[in-house]
Amino acid sequence: MGRTKEDASIGIIGMGDMGKMYAQRLSDAGWRINACDRPENFESLKQEFASQKGVTIFPNGHLVSRISDYILYSVEAGVIDKVVAQYGLSTKVGAIVGGQTSCKAPELAAFERHLPPDVEIVSCHSLHGPKVNPQGQPLVFVQHRASDESLKFVETILSSFGSKHVYLTGEMHDRITADTQAVTHAAFLSMGTAWQANNQFPWEHGRWVGGIENVKINITLRIYSNKWHVYAGLAILNPAAKQQIRQYAESVTDLYKLMIGGQREELKCRVKAAGASVFRPGSEGQDLLLKDEVLDRFSLSNRPREKAPPNSHLSLLAIVDCWSKLGIVPYDHMICSTPLFRLWLGVTEYLFRNQDLLDEALDTAIDDKTFRSDDLEFTFAARAWSDCVSFGDFESYRHRFERIAEYFAPRFPEAATLGNEMMKTILEKTTSNN
Ligand SMILES: NC(=O)C1=CN([C@@H]2O[C@H](COP(=O)(O)OP(=O)(O)OC[C@H]3O[C@@H](n4cnc5c(N)ncnc54)[C@H](OP(=O)(O)O)[C@@H]3O)[C@@H](O)[C@H]2O)C=CC1
Ligand SMILES: O=C(O)C(=O)Cc1ccc(O)cc1
């Protein structure tokens, strides 16, 4: 077994966006990479990597597995069992195997089921997309069936990313990422669903101009412009995600009912109690993750913004209610935070740490009827996404996702340019250390 750059090589099975990013960065750092995708992609992949020094493309996972010392499965979460069943027995004797899927329960179960007992297991998870610079972003290691020495070896391999190493069990990883990823996505997926249902590109309406709205719009479009299976996999396959997404949908529904019932005092009382349990007293003096001037710079709208137009902010009120009901302190989850989660927490905190803004949102929710139909559609959408995840049906998830993605598709190019810039600026201000 080789354990140095000179005598070890790394296998990557699944050369999609993440697999390619890993292959590129690890070979740039001097490691020898053996990689494959599906057999039908062999020729095109070989051409694509022809000039990348240190990367050898193989026709299938058997050929990768038998010669590599650390083998990383970077395939869709929904097919991990099938793919490990296919190639697992070809793993080199004494090698270490890991996966890069976003949900560890099915991945580790597949390894236990299909890998020979002499093979060690160290999984990982980069908590960011393929186009984000890994420097400073969380990178989770799961030392599932491996010696400390083998964990160290995997850490050495991935050290050139400059990511922040986090050590968790598979179960802890899934519980935390259910919140930082699955619920966060459910909220933005629901926003997009509601805008589509009301046939709105929100930035074309005066109601959606300004700071918090820019973040909502840019992230929603960013999610819908990505691959559906990433979001479906990490929600449907994560045992902790269903319950958390269901609570989010329940919080949305409960708060909406208080709004349309005109129950101002109950609404204020419930939301402020939730806020007090999430944003603990004493933290008021702390710096906000996001500030006005940052939020305002990234608008898809060409309308001038004088004062933030009031909004009921149902999606934000509900996430705080949801965290409070589940006893989640989101700041404790920074160790597994993705850039999107930090933005989501940032806008939520922005609303809840400004009493005037929060009171304005709560009064708007009760008094201003212009938001009723948007909030109604948002409520339907949150419940529908929750059902879709609970039923565990990948095809209906795909169908819902792609229908809405199609609606926003003409706007993806401008949203991507602005969204990337926004992410870059905001990420500089909201590291996972916050
Ligand atoms: N995208 C992201 O932001 C992140 C994704 N992840 C996780 O990383 C994993 C990969 O994601 P990503 O790269 O975005 O997805 P992609 O769809 O881009 O990549 C997955 C690749 O695996 C290939 N594949 C499927 N079956 C096999 C097989 N039997 N042998 C070899 N290759 C196979 C797929 O081929 P085909 O397309 O033909 O099926 C595809 O090229 C997922 O589990 C995802 O959850 C983790 C962090 C971030
Ligand atoms: O930041 C997010 O939530 C993303 O959408 C990108 C992403 C997707 C899947 C992961 O496992 C990690 C990051």
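Counting convention: from 1, in listed order, for ligands and their atoms alike.
Within ligand 1, counting atoms from 1 as listed, the ones closer than 4.0 Å to a heavy atom of P130 are 1 (N), 2 (C), 3 (O). Proximity to Q100 (heavy-atom distance under 4.0 Å) selects the following atoms of ligand 1: 6 (N), 7 (C), 8 (O), 46 (C), 47 (C). Those atoms of ligand 1 with a heavy atom of H229 less than 4.0 angstrom away are 15 (O), 16 (P), 17 (O).
Of the heavy atoms in S126, only backbone atoms (N, CA, C, O) come closer than 4.0 Å to ligand 1. Residue H128 touches ligand 1 through its backbone alone, judged by heavy-atom distances below 4.0 Å.
For ligand 1, one of its N or O atoms has an N or O atom of V75 under 3.5 Å away. For ligand 1, the polar-atom distance check finds an N/O of M18 within less than 3.5 Å of one of the ligand's N/O atoms. For a threshold of 3.5 Å applied to N or O pairs, the pair formed by T101 and ligand 1 contains no separation below that value. Any N or O atom pair closer than 3.5 Å counts here, and S102 shares at least one such pair with ligand 1.
Distance from atom 20 (C) of ligand 1 to its nearest protein heavy atom, with residue and atom name: S74 O, 3.6 Å. The protein atom (non-hydrogen) at minimum distance from atom 36 (P) of ligand 1 is R38 NE, 3.2 Å.
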Present, as a list of atom pairs with distances to 0.1 Å, all nitrogen or oxygen contacts under 3.5 Å between ligand 2 and the protein.
| unit_1 | atom_1 | unit_2 | atom_2 | d |
| --- | --- | --- | --- | --- |
| ligand 2 | 1 (O) | T338 | OG1 | 3.3 |
| ligand 2 | 3 (O) | H185 | NE2 | 2.8 |
| ligand 2 | 3 (O) | T338 | OG1 | 3.4 |
| ligand 2 | 5 (O) | H185 | NE2 | 3.4 |
| ligand 2 | 5 (O) | Y231 | OH | 3.2 |
| ligand 2 | 11 (O) | S102 | OG | 2.6 |
| ligand 2 | 11 (O) | H125 | NE2 | 2.5 |
| ligand 2 | 11 (O) | Q181 | NE2 | 3.3 |

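Not counting sequence neighbours, the partners of D321 by the salt bridge (charged side-chain N to carboxylate O under 4.0 Å, His left out) test are R270.
Of the options I12, D17, D37, the smallest heavy-atom separation from atom 31 (C) of ligand 1 is shown by D37.
Between A77 and ligand 1 there is a heavy-atom distance shorter than 4.0 Å.
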